[in-house]
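Remember, predicted model here, so these are calculated numbers, not experimental data.
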Number of protein chains: 4
Amino acid sequence: MFQLDYMDHSPLYEQIKEKIKALIISGVLKPDEKVPSVRELAQSLTINPNTIHKAYKELELEGYIYSVRAKGSFVTPIYNKINQARKDNLLLELEKLVSELAYMNIPKEQLISRIEELYERGRQKNND
Amino acid sequence: MFQLDYMDHSPLYEQIKEKIKALIISGVLKPDEKVPSVRELAQSLTINPNTIHKAYKELELEGYIYSVRAKGSFVTPIYNKINQARKDNLLLELEKLVSELAYMNIPKEQLISRIEELYERGRQKNND
Amino acid sequence: MFQLDYMDHSPLYEQIKEKIKALIISGVLKPDEKVPSVRELAQSLTINPNTIHKAYKELELEGYIYSVRAKGSFVTPIYNKINQARKDNLLLELEKLVSELAYMNIPKEQLISRIEELYERGRQKNND
Amino acid sequence: MFQLDYMDHSPLYEQIKEKIKALIISGVLKPDEKVPSVRELAQSLTINPNTIHKAYKELELEGYIYSVRAKGSFVTPIYNKINQARKDNLLLELEKLVSELAYMNIPKEQLISRIEELYERGRQKNND
DNA sequence: GTGGTCTAGACCACT
DNA sequence: GTGGTCTAGACCACT
């Protein structure tokens, strides 16, 4: 499904979170689709199941997946994802990032066209 | 100059880095202007000079300041800030962020107008 | 593993960097092999762990090793060692050195045959 | 004549040494030619004369210049420059550098052709 | 047990 | 007075 990068200094559970999140955002994992079970993923990545569990727990808190006891974890359908705190947080991060890019003299047109592309790509995913 | 947030889980040196960087990016600290000396800042924040030193060293690696032994640390003049690795890194972070915002159905117009504002603000700083 | 030279004026962490680098370049430490842990090396050299940490951090920045929290530090596999900035830097140092040797009337054939030998030696290491 | 780089972490007197040495090696300063006086250079670089003095003293020790009291400092004619200790030192540095470049898979042909060029350039300087 | 952070404090080189 | 090095030692997060 994906690979861990041991050169990366972030903890393994953070990496797992990011990878799963990326799969959801990119549309590889669809709403209500089952994500791999903790044991399954632990085995395929050859790491401790506790590490996977921690990642899934945080993904649930952030609203990306929901767990059903004895069934597994599933992708939260999109209309549930309106998490205002998370949204505010992301917008704040965006501001910091853009300010830094502006300071580095990256032309704003480059950023805007990149955004257009990413939104276009997202739109297509939804129509699948 | 600024305050540390001891509730924040990120390491102190990271917080210091972010604060100094924000002062540079926002134009409060101008190119070639002296930033507080290691000891001075350590005293005013009542933390260990080693922690400041670490923050400054990383800011130097990222190209924001340069340190001169026996003289102090100074804001890198803007034309030196062309750090390709850092730029690539920031653009990658931007992509992740925007993808997530798109997934949350934030209208792209909101992002774009935010970017326009931030660039406009930066342009004004340069004219001071 | 190696010894420090307290007569040497260069800082201890620099000496440690050079020694580890030499072990990697000479093929004593193989790709993905574990280098001694920070504490282990500190104990065997009877110096402070912070000093080892600093040396390892710089070796990581230069691309020679990578550190994994809770696991240890490891030799970067060779294909990852393409660090353009470092390469440029070394080539520049080479130019300065060769110019000085030329000025001293060292015959260029001596330098070239020395280079041939060193490359031959490296080739053999790879075949181990 | 040249400029100091305050971004460079090496002490000012080291930088001055390197700059003067480069002028000698490149043939800009010819054998027995006068190098700028301590005061003159101190004034043009707006630094303390002691710093220049230290640089010149070390250049004299390494055999690049000689001082004549009340007259100034001059470039040592080339046949005096056979300083065996310095030579050995440079050859050792060359070995370290080449080993590192070999480890980085820089083709040896690149190094050799660079050396040929530098020697050719030196030969032309001598014929001026 | 591992690397990473931080404090407290000494001492050095350089200007 | 400045940044840089180093020690001694505590404590943390992660596996």
Which residues share a side chain to side chain donor-acceptor pair (under 3.5 Å) with A:N50, sequence neighbours left out: A:N48
Most 5' of B:E40 and C:Y6 on DNA chain F, judged by nearest nucleotide: B:E40
Near-strand residues of residues 46-54 of chain B, defined as heavy-atom separation under 4.0 angstrom from DNA chain F: B:N50, B:H53
Most 5' of C:R39 and B:V38 on DNA chain F, judged by nearest nucleotide: B:V38
DNA chain E base-pair string [pairs: Watson-Crick or G-U under 3.5 Å; |: paired with another strand]: ||||||||||||||.
Under the side chain to side chain donor-acceptor pair (under 3.5 Å) test, residues paired with B:Q43 that sit two or more places apart: none
With D:E58 via salt bridge (Lys or Arg N to Asp or Glu O under 4.0 Å) - residues at least two apart: D:K17
Rounded distance [0.5 Å steps], CD in D:E93 versus NZ in C:K96: 9.5 Å
Sequence-distant partners of D:E95, salt bridge (Lys or Arg N to Asp or Glu O under 4.0 Å), two or more places apart: C:R114
Leading and trailing nucleotides of DNA chain F with any atom under 4.0 Å from heavy atoms of chain B: F:dG1 to F:dC6
Interface with DNA chain F, restricted to residues 10-17 of chain B and to heavy atoms under 4.0 Å: none
Note, A:M1 side chain near A:L23 side chain (heavy atom, < 4.5 Å): yes
List the atom pairs, donor and acceptor, that lie under 3.5 Å between side-chain atoms in residues 6-13 of chain A and the rest of the protein, sequence neighbours left out.
residue	atom	partner	partner atom	Å
A:D8	OD1	A:S10	N	2.8
A:D8	OD1	A:S10	OG	2.8
A:D8	OD2	A:S10	OG	3.3
A:H9	NE2	C:E60	OE1	3.4
A:H9	NE2	C:E60	OE2	2.7
A:H9	NE2	C:S67	O	3.3

Pairing residues for C:K21 by the salt bridge (Lys or Arg N to Asp or Glu O under 4.0 Å) criterion, not counting sequence neighbours: C:E18, C:E62, D:E100
Atom pair CD1/CD1 of A:I65 and A:I20 - distance to nearest 0.5 Å: 7.5 Å
B:L94 vs A:V98 side-chain heavy atoms within contact, under 4.5 Å: yes
Ring pair (Phe, Tyr, Trp, His ring centres under 6.0 Å) contacts touching residues 51-78 of chain B (sequence neighbours left out): B:Y66-B:F74
Comparing B:K71 and C:S73 on DNA chain E - which has the more 5′ nearest nucleotide: C:S73
Test item: D:E40 side-chain N/O and D:S37 main-chain N/O as donor-acceptor pair under 3.5 Å: yes
With sequence neighbours excluded, residues passing side chain to side chain donor-acceptor pair (under 3.5 Å) with C:R39: none
